[in-house]
Participant: 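Dropping the structure in here first, questions after.
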Amino acid sequence: MDGTDIAGAAPVLAVDLGGTNARVALVNVDGTIVTRRTDPTRREEMHPDALVAAIRETTAGTDAASAVVGVPGRVDHANGRLEFAPNLPSHWAAHLTEERLSDAVGIRVRLANDADLAAVGEYRFGAGRGTSDMVYLTLSTGVGTGVILGGELVHGRRSLAEAGHTILARDSAFPTFEQQASGTALSRLAAEAGLAERGGDLVKRVSAGDRGAAAAWWELCQAAGAGVASLAHLFSPEVVVIGGGLGLTGDLLYEPLRAALLAYGPRELPEPIRIVRAELGDDAGLSGAAGWVSTFRPYAMPAMTYAGDRQEEIVT
């Protein structure tokens, strides 16, 4: 699939399927959103019928010829299916396949990990424009990552770059990047400090110089800095784009991240890795649908042959 199946400037149908809400939009090829709707994710249903209906209704009377459905979980790109999504009903996985969705809605459907789709949106239409190598990091309720190298999304048979589940502190009760540097982690740190505030209210107390809030924030920033430095070593991007609710707090977060990158990141780079604020907000994934086919290289299972007892890969 090289994108030639999308004729001319036809809009793309974009879906951001979350555990709470499903957002469906028509998106122009330049990433601008034409129409949108938001419906609750009906977790009680045996099948994602409401999602299928929303796609049909949104594309009715349009010339949209393809759709990209972003899902909050691991995607098997070789077989075009959702493998695992902890925030969706487990019985939906069998129905969230490219083949079944395409047949149900009558247009070509591709599945994408939601962080990957947002990364494509920021790369093509947001803060990553003009770069070749970019890491997108969303710090929100959880931690999500998407990586672009050489103008293409990094993936294998499955969606990759699940940095939120990497280990930052093996001996901790909360060892992962996500457990130490997400909105959920900040709430836990605030509770441990005896603070009642959460989210934006807590950030306001940090900005006002409250010691307890500042201590909780410092802990989160140290973990986030370690995560960013690790991503920099892994992928050596030109830029790290920070999104999500926590990611949009500005220099209160970016300055500690830049300091961590300077202290622990790759050394002697001709051009320093930049840390910048995401530009598209919650719409990054929706806009990313318009850039998916040009940024995602389809995965092809290697052909295998057998020579005696040896299994050899045929490189095509």
Participant: Using distance only, find each side-chain donor-acceptor pair of residues 271-279 under 3.5 Å and give its atom names and separation, not counting sequence neighbours.
Facilitator:
from	atom 1	to	atom 2	distance (Å)
Arg277	NH1	Leu248	O	2.9
Glu279	OE1	Arg129	NH1	3.1

Participant: Determine, for Glu45 against Arg43, whether the closest basic-nitrogen to carboxylate-oxygen distance falls under 4.0 angstrom.
Facilitator: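 Between Arg43 and Glu45 there is no salt bridge, as every charged N stays at least 4.0 Å from the carboxylate O atoms.
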
Participant: Is there side-chain contact between Phe235 and Asp133, with at least one heavy-atom pair below 4.5 Å?
Facilitator: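 Heavy-atom side-chain distance check fails, nothing below 4.5 Å.
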
Participant: Looking only at heavy atoms, what is the nearest atom pair of Thr58 and Ala25, with distance?
Facilitator: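 Of all heavy-atom pairs spanning Thr58 and Ala25, the closest is CG2-C, 4.5 Å.
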
Participant: Considering all heavy atoms of both residues, which atom of Leu246 and which atom of Gly183 are nearest to each other, and what is their separation?
Facilitator: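 Heavy atoms only, the tightest pair is CD1-N, 3.4 Å.
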
Participant: Minimum heavy-atom separation for Gly73 and Asn113, please, with both atom names.
Facilitator: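 Shortest heavy-atom separation between Gly73 and Asn113 comes out as O-ND2, 2.8 Å.
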
Participant: Is it the case that more than 12 heavy atoms not belonging to Glu44 sit under 6.0 Å from its CD atom?
Facilitator: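 It does: Glu44 CD has more than 12 such atoms within range.
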
Participant: Do Val241 and Leu257 sit in one hydrophobic cluster, given that two such residues count as connected whenever their side-chain heavy atoms are within less than 4.5 Å of each other, even indirectly?
Facilitator: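 In one cluster: no.
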
Participant: Output the distance between atom CG (Leu186) and atom CG (Leu220), rounded to the nearest 0.5 Å.
Facilitator: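 One finds 5.5 Å between CG of Leu186 and CG of Leu220.
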
Participant: Do Ile33 and Leu13 share a hydrophobic cluster, counting only Ile, Leu, Val, Met, Phe, Trp and Tyr and linking them when any side-chain heavy atoms are less than 4.5 Å apart?
Facilitator: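 Result: no, two separate clusters.
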
Participant: Would one find more than 12 heavy atoms of other residues, nucleotides or ligands at under 6.0 Å from atom CZ of Arg297?
Facilitator: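 At most 12 heavy atoms, drawn from other residues, nucleotides or ligands, come within 6.0 Å of this atom.
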
Participant: Does the ring of Phe296 carry Arg110 above it, NZ/CZ under 6.0 angstrom from centre and within 45° of its axis?
Facilitator: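 No, Arg110 and Phe296 do not form such a contact.
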
Participant: Which residues pass the salt bridge (Lys or Arg N to Asp or Glu O under 4.0 Å) test with Asp201, sequence neighbours left out?
Facilitator: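 Asp201 satisfies salt bridge (Lys or Arg N to Asp or Glu O under 4.0 Å) with no other residue.
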
Participant: Should the pair Arg74-Asp76 be classified as a salt bridge under the 4.0 Å nitrogen-to-oxygen rule?
Facilitator: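 No, Arg74 and Asp76 are not salt-bridged.
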
Participant: Where is the tightest heavy-atom contact between Ala193 and Gly212, given as atom of each residue plus distance?
Facilitator: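 The pair with the smallest heavy-atom distance is CB-O, 4.3 Å.
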
Participant: Between Arg36 and Asp283, does any NZ, NE, NH1 or NH2 come within less than 4.0 Å of an OD or OE carboxylate oxygen?
Facilitator: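 Salt bridge between Asp283 and Arg36, a charged N being under 4.0 Å from a carboxylate O: yes.
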
Participant: Do Val206 and Leu252 make a side-chain contact, defined as non-hydrogen atoms from C-beta onward lying under 4.5 Å apart?
Facilitator: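 Counting from C-beta outward, Val206 and Leu252 do come under 4.5 Å.
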
Participant: Does atom CD of Glu99 have more than 12 heavy-atom neighbours from other groups under 6.0 Å away?
Facilitator: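 Check fails, neighbour count at 12 or below.
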
